[in-house]
Each structure stands twice: as structure tokens, then as C-alpha cells.
Amino acid sequence: MTDSFSLTPEAAEPQLRVARNSLELLRTVPELAQRYTGVDRLRTLGDLAALPPMMKDDLNTALAHLEPKAEVGATWLFQSGGSTGAPKVGYAPTGFYMAGVYAQWRPLDRDDVFVNAWGAGRMWGAHFLVAALADLSGCQVLSVGSVTRDEYADWLAFFATRRVTAIGGTPSVLRLWFASARAAGVKLPALRKVLWLGEAWQPQLDEDMAAVAPQARRWGMFGSTETWVVGTNTPDCPEDTFHTLPEQLVHVDPDGLLDFTTLNPEMLNPVLRYRTGDAGELVSCPCGRPGRSMRVLGRRDSVVQVRGLGLHVDEIIGRVEREPGVTRAQFVLTEQGGRATGVDLLLLTGGPAPDVERIRADLLSATFTLSTAFQHDPESFRVRAVGALISNDRTGKTANLVVREDS
């Protein structure tokens with residue numbers, strides 16, 4: 001049982017007082033209290049493993065009831081995965097728990113000139129989280145955020161002039177920067193560090209980095225706006241393997257799904273066996289650092305990354321299939337080199353023809369991920385009525401999501 005946790009009982013159990021406090025908070029939420037009926041103690045890892053896992057909706061319900069506030073400084077509210085309707089809210093204090101990360105992981109130092117290329121504003125968390133890390137590092141910061149397609153050349157020239165040594169963003173955003181530099185023949189010889197968070201590493205980045213910045217190496221973080229940063233890796237670690245923080249307890253259930261429990265007494269979100277939808281395993285990292293590391297094997301839910309943002313496919317499908325004239329719907333995500341170039345929503349029709357243009361407009365206006373991901377090229381999101389959906393010829397199954405590679 002204890003082999004399924006990232007920390008040993010000796011390391012974890014003295015810190016379970018934080019988990020017990022989260023449990024008592026969750027008991028005060030009327031909609032969740034019954035799920036913890038009969039839980040008399042939480043003193044061992046076995047007791048923790050016996051608790052029901054939390055899903056996103058459970059945590060959202062808890063936060064709506066608790067409305068936590070930081071003891072010191074401001075309480076920051078962030079968009080937390082909401083792919084339809086109003087954003088779901090995640091909470092963090094000023095500093096975003098990055099002191100604990102910085103104690104274990106220091107990719108930046110005082111001599112660095114760092115480009116923060118995560119999008120700022122719009123209730124996004126990563127830009128501000130990494131800004132807190134840069135503050136602890138004492139480096140110079142260029143807070144760039146999102147840029148439009150025709151701005152890359154000027155910014156890249158500026159980076160070269162300023163001898164930028166580090167850049168950070170989601171892998172999808174980084175692909176745009178490095179692919180643009182490669183296409184323009186721009187070299188960044190001073191760039192040594194590439195920080196990433198928000199989605200899986202994209203192998204094409206390695207090729208682009210080698211051409212643009214041969215000295216650059218990747219430094220990754222894994223987390224969410226519910227758990228915040230769970231683990232980190234270095235250039236000596238595989239891109240899918242992360243060393244978990246002492247204040248984060250990771251558990252692998254019998255089905256291989258990861259869940260997370262905070263051991264940080266300052267955490268505002270009551271994270272208690274929280275599932276992000278990722279599968280994984282606990283391994284020894286090839287870098288040689290002692291202790292158990294977390295290898296992330298990918299998502300096992302219906303959330304797909306579209307340009308660095310999570311899109312809940314099943315929610316969208318369910319919504320569209322309630323439209324008059326729609327009998328079935330399917331998302332077709334077209335990618336090129338791991339980056340989404342377009343989304344087609346296919347509608348299998350029966351009876352009166354659905355109003356595809358109205359459906360498309362409604363989705364763009366009401367769906368946070370779609371409106372944000374395609375704000376610069378809305379024509380790349382299309383809704384089409386079809387006579388047949390895409391099926392697997394061998395099994396006959398028709399999936400809600402089909403991913404195609406654009407050659």
C-alpha cells in the first residue's frame with residue numbers, strides 16, 4: 001500500500017495534520033459531507049488511500065462554499081479548467097507557493113535575463129506563478145505574455161540584442177517562438193534555459209531548440225491551478241518524469257490514476273486525493289537523484305490540450321447534442337507537429353437542419369478555451385453538418401475526439 005505513495009510513511013504521516021484539516025473543511029460543505037461519513041481517523045497513508053478521490057466538480061463545489069482567503073497578502077483568483085460557461089475559480093495567496101518550489105528547484109539565477117511568455121491576465125495562473133519564481137531568483141525579467149503572429153520577428157531581434165538567457169511558456173507557445181526564429185534564421189546563442197509548464201513536452205521543440213539555441217536545455221514543472229506545482233524536472237531527467245515537492249503527496253491508485261494531497265498548511269485549495277485525470281507511476285529517475293519520482297503517462301479523461309488550454313470535449317459534445325436536429329457530434333482536432341492548427345465540430349444530423357453558424361457563434365462566445373485559443377484566427381474553429389462521423393474501420397467505434405496530423 002505505501003509503495004503507491006511518493007513519500008514514505010515516516011516522511012508523510014507527521015504531515016497528515018494538513019490533510020486532516022482539509023478533511024474537516026470538506027465535512028462542512030453540505031454537498032460533500034456525506035461522502036466522508038464513517039471516516040473516523042486520518043493518521044496513516046492507508047487511511048488516506050481509503051478516502052474517496054476528489055474530482056474537479058467536487059473541488060469547485062468545496063471552493064464555492066468555503067471561499068478561502070490568504071492569511072497574509074492578497075488572495076488571487078484564477079480560471080481553473082472551466083471550458084464552458086463562466087470560469088471555475090481556483091485560489092492562491094500572493095507568492096503562489098513558489099518559495100517551496102524555489103527551495104527544491106532553481107533553474108534561474110541572478111545573472112539570467114528571463115522572458116516570461118506565458119499569457120498574462122484573463123485569470124490565468126502560470127504567468128504570475130513563474131513571475132514569483134523569477135522574483136525569488138533575482139533575475140532580470142521581460143514580461144512578454146502573448147504576442148500576435150506579426151510581432152515575433154521584432155521580439156526575437158530584441159531577445160538577441162538583450163542576450164536573453166532563459167524563456168518560459170507552455171510547449172505550444174514555445175513551439176511558436178522557436179519555429180518563428182528558425183524560419184527567420186534568428187539565432188539566440190545566449191539562451192541556455194527553457195522553462196515549461198501547462199502541457200506535455202513536445203519532441204519537435206528539441207529539434208527547433210537545437211537549431212535556434214544549441215545551448216538551451218529544458219526545465220519543467222507539473223501542476224494545475226487546483227494543486228499548484230506538484231513536481232519539477234531538470235535537463236538530466238526525462239521530460240515525463242518529475243521530482244515531487246515535499247509538500248505534495250502523490251498517490252497512484254490501482255488503475256494507474258494519479259491523485260494529489262497537499263501537505264502545505266498554507267494551501268487555500270483543500271486538495272485531498274484530488275485527481276487531475278492524469279495517469280502515472282512512481283519510478284526512480286535516471287538523473288540519479290534519490291527518492292521516488294512521478295512519471296506522467298498522459299490524460300485519461302476527456303480534457304484535451306488546445307494551444308496550451310484544456311478543452312473538455314465531453315462537455316461540449318453533450319451541449320451540442322441537445323441542439324435540435326443534431327443526433328451525434330464529434331470533435332476533430334488537427335495538429336501539425338504537436339500543435340493544434342484547427343478544430344472541426346462535426347454534427348451528424350437528423351430531422352431539421354441545425355443552424356451551424358449560430359451553434360459556432362454560441363460556442364465561441366460561451367466557451368472560454370475556444371474563444372481564447374482561436375482569438376487570433378477564429379476561422380480555424382469550424383462547425384459542419386455531415387452525413388457520417390469518423391469511425392474506426394476495425395472496431396466500428398466512433399470516438400468523441402479524433403486527432404489528425406496535418407502533414
Side-chain angles (χ1 to χ4, degrees), residues 4-7 12 15-29 31-36 39 42 45-68 77-83 87-93 96-97 100-101 125-126 129 197-199 221-232 242 244-282 294-303 310 312:
S4 62
F5 285 92
S6 59
L7 297 175
Q15 302 182 74
L16 286 183
R17 63 186 183 279
V18 178
R20 289 194 291 272
N21 182 60
S22 295
L23 176 60
E24 292 310 309
L25 288 173
L26 293 170
R27 288 187 198 271
T28 69
V29 180
E31 299 91 333
L32 301 180
Q34 186 173 359
R35 63 190 283 128
Y36 299 110
V39 179
L42 181 51
L45 293 182
D47 295 337
L48 180 62
L51 292 178
M54 292 183 72
M55 307 301 181
K56 184 181 291 291
D57 287 345
D58 299 324
L59 186 55
N60 290 328
T61 298
L63 291 173
H65 178 80
L66 297 170
E67 294 188 344
L77 276 63
F78 289 105
Q79 186 270 342
S80 176
S83 55
K88 301 177 179 69
V89 176
Y91 294 77
F96 314 103
Y97 317 107
V101 177
L129 176 149
L197 167 71
E199 58 187 10
M221 290 177 279
F222 176 90
S224 69
T225 47
E226 295 83 29
T227 63
W228 297 92
V229 175
V230 170
T232 61
F242 300 85
T244 57
L245 304 177
E247 61 199 38
Q248 298 275 11
L249 181 59
V250 181
H251 174 247
V252 184
D253 79 0
D255 295 323
L257 287 172
L258 298 171
D259 61 71
F260 306 91
T261 297
T262 184
L263 301 177
N264 183 349
E266 297 181 3
M267 176 70 78
L268 299 184
N269 294 346
V271 175
L272 185 66
R273 287 208 63 201
Y274 178 75
R275 281 184 180 170
T276 60
D278 293 284
E281 58 186 353
L282 299 175
M294 172 185 67
R295 184 181 178 214
V296 180
L297 302 176
R299 306 288 294 199
R300 284 195 185 168
D301 59 12
S302 65
V303 177
H312 202 306

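None of the values given here were measured: they were computed from a predicted structure. Heads up: numbering here begins at 1 and tracks the sequence. In what follows, every heavy atom counts, from backbone to side chain, and hydrogens, waters and symmetry copies are set aside.
Under a 3.5 Å cut-off, the side chain of Arg20 and the backbone N or O of Leu42 do form a donor-acceptor pair. For Arg273 (side chain) and Leu51 (main-chain N/O), a donor-acceptor pair under 3.5 Å exists by modelled atom type. One N or O on the side chain of Gln248 and one on the backbone of Thr227 form a donor-acceptor pair closer than 3.5 Å.
Residues Asp259 and Tyr274 are not in side-chain contact: their nearest non-hydrogen atoms beyond the backbone lie 4.5 Å or more apart. With a 4.5 Å cut-off on side-chain heavy atoms, Leu268 and Tyr97 count as touching. No side-chain heavy atom of Leu48 sits less than 4.5 Å from a side-chain heavy atom of His251. Between Leu257 and Val252 the shortest side-chain heavy-atom distance does not fall below 4.5 Å. Using a 4.5 Å heavy-atom cutoff, the side chains of Leu63 and Pro68 are in contact. Residues Leu263 and Leu16 have side chains in contact (heavy-atom distance under 4.5 Å, counting atoms from C-beta outward). Between Leu32 and His65 there is no side-chain heavy-atom pair separated by less than 4.5 Å. A heavy-atom distance below 4.5 Å is found between the side chains of Pro270 and Leu66.
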Checklist entry - Is there a side-chain contact (heavy atoms from CB on, under 4.5 Å) between Leu45 and Leu249 once you walk through the steps? => result CA-CA 10 Å; Leu45 293 182; Leu249 181 59; 3.8 Å; yes
Checklist entry - Under the side-chain contact (heavy atoms from CB on, under 4.5 Å) criterion, do Ser4 and Leu282 qualify, and how do the steps go? => result CA-CA 7 Å; Ser4 62; Leu282 299 175; 5.5 Å; no
Item to check | Chi angles and distances behind the side-chain contact (heavy atoms from CB on, under 4.5 Å) call for Tyr91, Leu77 | outcome: CA-CA 5 Å; Tyr91 294 77; Leu77 276 63; 4.0 Å; yes
Next on the checklist: Run Thr262 and Asn269 through side-chain contact (heavy atoms from CB on, under 4.5 Å) and show every step you take.
Outcome noted: CA-CA 9 Å; Thr262 184; Asn269 294 346; over 6 Å; no
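Contact detail for Leu129 and Met221: the closest heavy-atom pair is CD2-SD, 4.3 Å. Residues Leu7 and Ala12 approach most closely at CB-CB, 3.9 Å, considering heavy atoms. Heavy-atom minimum distance, Leu258 versus Arg275: O-CG, 3.6 Å. Scanning all heavy atoms of the two residues, the minimum distance from Val101 to Thr232 falls at CG1-CG2, 4.1 Å. Closest approach of Leu197 to Gly223, counting heavy atoms only: CD1-N, 3.9 Å.
In this structure, the separation between CG on Leu272 and CE on Met267 is 12.0 Å, given to the nearest 0.5 Å.
Classification of the Phe222-Phe242 ring pair by plane angle, with boundaries at 30° and 60°, yields tilted.
Between the side chains of Asp278 and Thr276, a donor-acceptor pair is found at a separation under 3.5 Å.
The environment of Gln15 atom CD is dense: over 12 non-hydrogen atoms of other residues, nucleotides or ligands sit within 6.0 angstrom.
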